[in-house]
Amino acid sequence: MTALNHTGFSHTVFRLLGIPGLEDQHMWISIPFFISHVTALLGNGLLICIILTKRSLHQPKYLFLCMLAGADIVLSTCTVPQALAIFWFHAGEITLDRCITQLFFIHSTFIFESGILLVMAFDRYIAICYPLRYTTILTNSLIGKIGVTIFLRSYGIIVPIIFLVKRLTFCRSNIIPHTCCQHISLAKYSCNDIRVNIWYGVFIIMSTVTLDVMLVFISYMLILHAVFRMPSQDARHKALNTCGSHVCVIILFYGPGIFSVLTERFGRHISPHIHILLANVCLLAPPMLNPIIYGVKTKQIRDQVTHVLFPKVT
């Protein structure tokens, strides 16, 4: 994109429109947003409390799940309150600094979740392929180092975006047809050449999420290879069952994102509000459904949740 002649004027306040074309439906659209946010906060908060307070759940699998639940809370909190303010109070005004802060946490938390899902795939690989060495390989010390590494990767790689956006002059429109701020969605309203922003965004996607997807796929190929070499059908079933909840979460996390990218790339005839709704599904669905999936499919967590919510029954 070539630079345009412009004065020194630059917008410092923007207005988020929510979902253009569906303004008259905003009140109805807010209902699933509100439900997803409350479910995400309660479900993930309960999951974290149970894992941290029950010593029987102080295992690598559940500690990684605790990290994922924390990221889900951050991701939901970064996006839904702003959207609800637009839907309920038409409060779409947002300063440039707040917009940059929001996009920073959205992108970095999304990458953090992708990293956690990769580590959880590695955890399942060790549990199935090297069960006798599981506890000696995944020690608490290593789990802590892995968590710190994923955190530093996720937030460190997004920091340059702050400076890439700060250097831009926003002399085009300050109206953003979205429910939240995202990197390229904001950068395209500048009068500067944003090729650096675009290429750095591509680099981030390729070096984090795309790489994570490839490594998760390789991990599960190795897991399936090990599972189908097991002599007992019961052993194969038990091994696959331990991966069931994680596979569901992987599909839920990457599936809508891949579909959203494909529709944006090849579905130019699709209405803009469909693209925005798909983008919101990518941010809303995982935080809401992850604790439900693990609560339903993981017996240890299901038992603990039942004990907390219905102590008299248990």
* **Distance-only polar pair, side chains of Ser114 and Tyr254, donor-acceptor under 3.5 Å** => yes

* To do: For Ser185 and Cys181, indicate whether the former's side chain and the latter's backbone hold a donor-acceptor pair under 3.5 Å.
  => no

* Structure fact -> To the nearest 0.5 Å, atom CG of Asn44 lies from atom CG of Leu68 at 7.5 Å

* Search all heavy atoms of Pro20 against all heavy atoms of His273 and return the closest pair with its distance. => O-CB, 3.3 Å

* To do: Could you walk me through whether Leu17 and His178 pass side chain to side chain contact (heavy atoms under 4.5 Å, CB included), step by step?
  => CA-CA 6 Å; Leu17 294 183; His178 212 298; over 6 Å; no

* Provide the closest heavy-atom pair for Ile143 versus Leu63 in the form atom of the first, atom of the second, distance. => CD1-CD1, 3.9 Å

* **Main-chain N/O of Val13 paired to Asn174 side chain as donor or acceptor, under 3.5 Å** => yes

* Heavy-atom closest contact (Ile86 atom, Gly92 atom, distance) -> CG1-CA, 3.9 Å

* Asked: Within the side chain of Asp193, is there an N or O that forms a donor-acceptor pair under 3.5 Å with the backbone of Arg195?
  -> yes

* How many angstroms lie between NE2 in His26 and OG1 in Thr179, if you round to the nearest 0.5 Å? -> 9.0 Å

* Asked: Is there side-chain contact between Arg167 and Val196, with at least one heavy-atom pair below 4.5 Å?
  -> yes

* Mind running side chain to side chain contact (heavy atoms under 4.5 Å, CB included) on Ser219 and Arg124 for me, showing each step along the way? => CA-CA 9 Å; Ser219 296; Arg124 293 299 84 203; over 6 Å; no

* To do: Please find out if less than 6.0 Å separates the ring center of Phe151 from that of Tyr155.
  => yes

* To do: For the pair Thr139 (side chain) and Thr136 (backbone), establish whether a donor and an acceptor sit closer than 3.5 Å, ignoring hydrogens and angles.
  => no

* **Single-linkage hydrophobic cluster Ile111~Leu164, side-chain heavy atoms < 4.5 angstrom** => yes

* Give a yes or no on whether the backbone of Ile274 and the side-chain of Ser271 come within a donor-acceptor separation of less than 3.5 Å. => no

* Find out if a path of hydrophobic residues (ILVMFWY) with successive side-chain heavy-atom gaps under 4.5 Å connects Leu57 to Ile48. => no

* Asked: Taking atom SG of Cys49 and atom NZ of Lys54, what is their separation to the nearest 0.5 Å?
  -> 11.0 Å

* Thr169 side-chain N/O to Cys171 backbone N/O, donor-acceptor pair under 3.5 Å -> no

* Asked: Does one side chain, of Asn241 or Arg236, offer a donor that lies under 3.5 Å from an acceptor on the other?
  -> no

* Verify the distance criterion only: is there a donor paired with an acceptor across the side chains of Ser76 and His37 at less than 3.5 Å? => yes

* **Pair His225 and Tyr125, ring centroids less than 6.0 Å apart** => no

* Validation row: Leu222, Ile218 side chains within 4.5 angstrom (heavy atoms) -> yes

* CE (Met214) with more than 12 external heavy atoms under 6.0 Å -> no

* Ring centroid separation for Phe253 and Phe110, is it under 6.0 angstrom? -> yes

* Would you say Phe64 and Leu117 make side-chain contact, with heavy atoms under 4.5 Å? -> no

* Any chance you could measure Ile158, atom CD1, to Ile106, atom CD1, to the nearest 0.5 Å? => 11.0 Å

* Answer whether the closest heavy-atom distance between the side chains of Val213 and Leu118 falls below 4.5 Å. => no

* To do: Looking only at non-hydrogen atoms, find the nearest pair between Gln304 and Ser56 and report the distance.
  => NE2-OG, 4.0 Å

* Ring centre gap for Phe105 and His107 strictly below 6.0 Å -> no

* **Centroid-centroid under 6.0 Å between His11 and Phe170 rings** => no

* Asked: Can you check whether Met67 reaches Ile51 side chain to side chain, under 4.5 Å on heavy atoms?
  -> no

* Pairwise distance CD1(Ile19) to CG(Leu277) - rounded to 0.5 angstrom -> 4.0 Å

* To do: Quick one: do Asn140 and Lys145 satisfy side chain to side chain contact (heavy atoms under 4.5 Å, CB included)? Show the steps, please.
  => CA-CA 9 Å; Asn140 289 337; Lys145 291 176 182 177; over 6 Å; no

* Asked: Does the separation of the ring centres of Tyr189 and Phe14 fall below 6.0 angstrom?
  -> no

* To do: Taking the side chain as every heavy atom from C-beta outward, state whether Lys166 and Asp97 have any atom pair closer than 4.5 Å.
  => yes

* Report yes if some heavy atom in the side chain of Glu23 is under 4.5 Å from a heavy atom in the side chain of Phe87; otherwise report no. => no

* Asked: Where do His58 and Thr53 come nearest, in terms of heavy atoms and distance?
  -> NE2-N, 4.4 Å

* Asked: Do Cys180 and Cys78 have their SG atoms under 2.5 angstrom apart?
  -> no

* Under 3.5 Å, side chain of Thr298 to main-chain N/O of Ile301, donor-acceptor pair present? -> no

* Asked: Would Leu41 end up clustered with Ile35 when hydrophobic side chains under 4.5 Å apart are linked, directly or stepwise?
  -> no

* Asked: Given side chains that start at C-beta, do those of Tyr200 and Ile205 come closer than 4.5 Å, heavy atoms only?
  -> no

* **Same apolar cluster: Met120 and Leu252, side chain cutoff 4.5 Å** => yes

* Minimum heavy-atom separation for Ile223 to Cys243, with atom names? -> CG2-SG, 4.2 Å

* Test Leu168 against Asn197 for side chain to side chain contact (heavy atoms under 4.5 Å, CB included), laying out the working first. => CA-CA 10 Å; Leu168 300 177; Asn197 296 67; 4.0 Å; yes

* Passing candidate, side-chain contact (heavy atoms from CB on, under 4.5 Å) with Pro291, options Thr39, Leu47, Leu46 -> Leu47

* **Spatial distance of atom CD1 (Ile31) from atom CD (Gln25) [nearest 0.5 Å]** => 10.5 Å

* Asked: With hydrophobic residues grouped by side-chain heavy-atom distances under 4.5 Å, do Leu75 and Ile157 end up in a single group?
  -> no

* Asked: Looking only at atom types and distance, does a side-chain atom of Asp123 sit under 3.5 Å from a main-chain N or O of Val119, one as donor and one as acceptor?
  -> no

* To do: Step through the shown structure and confirm whether more than 12 heavy atoms of other residues, nucleotides or ligands are within 6.0 Å of CZ on Phe34.
  => no

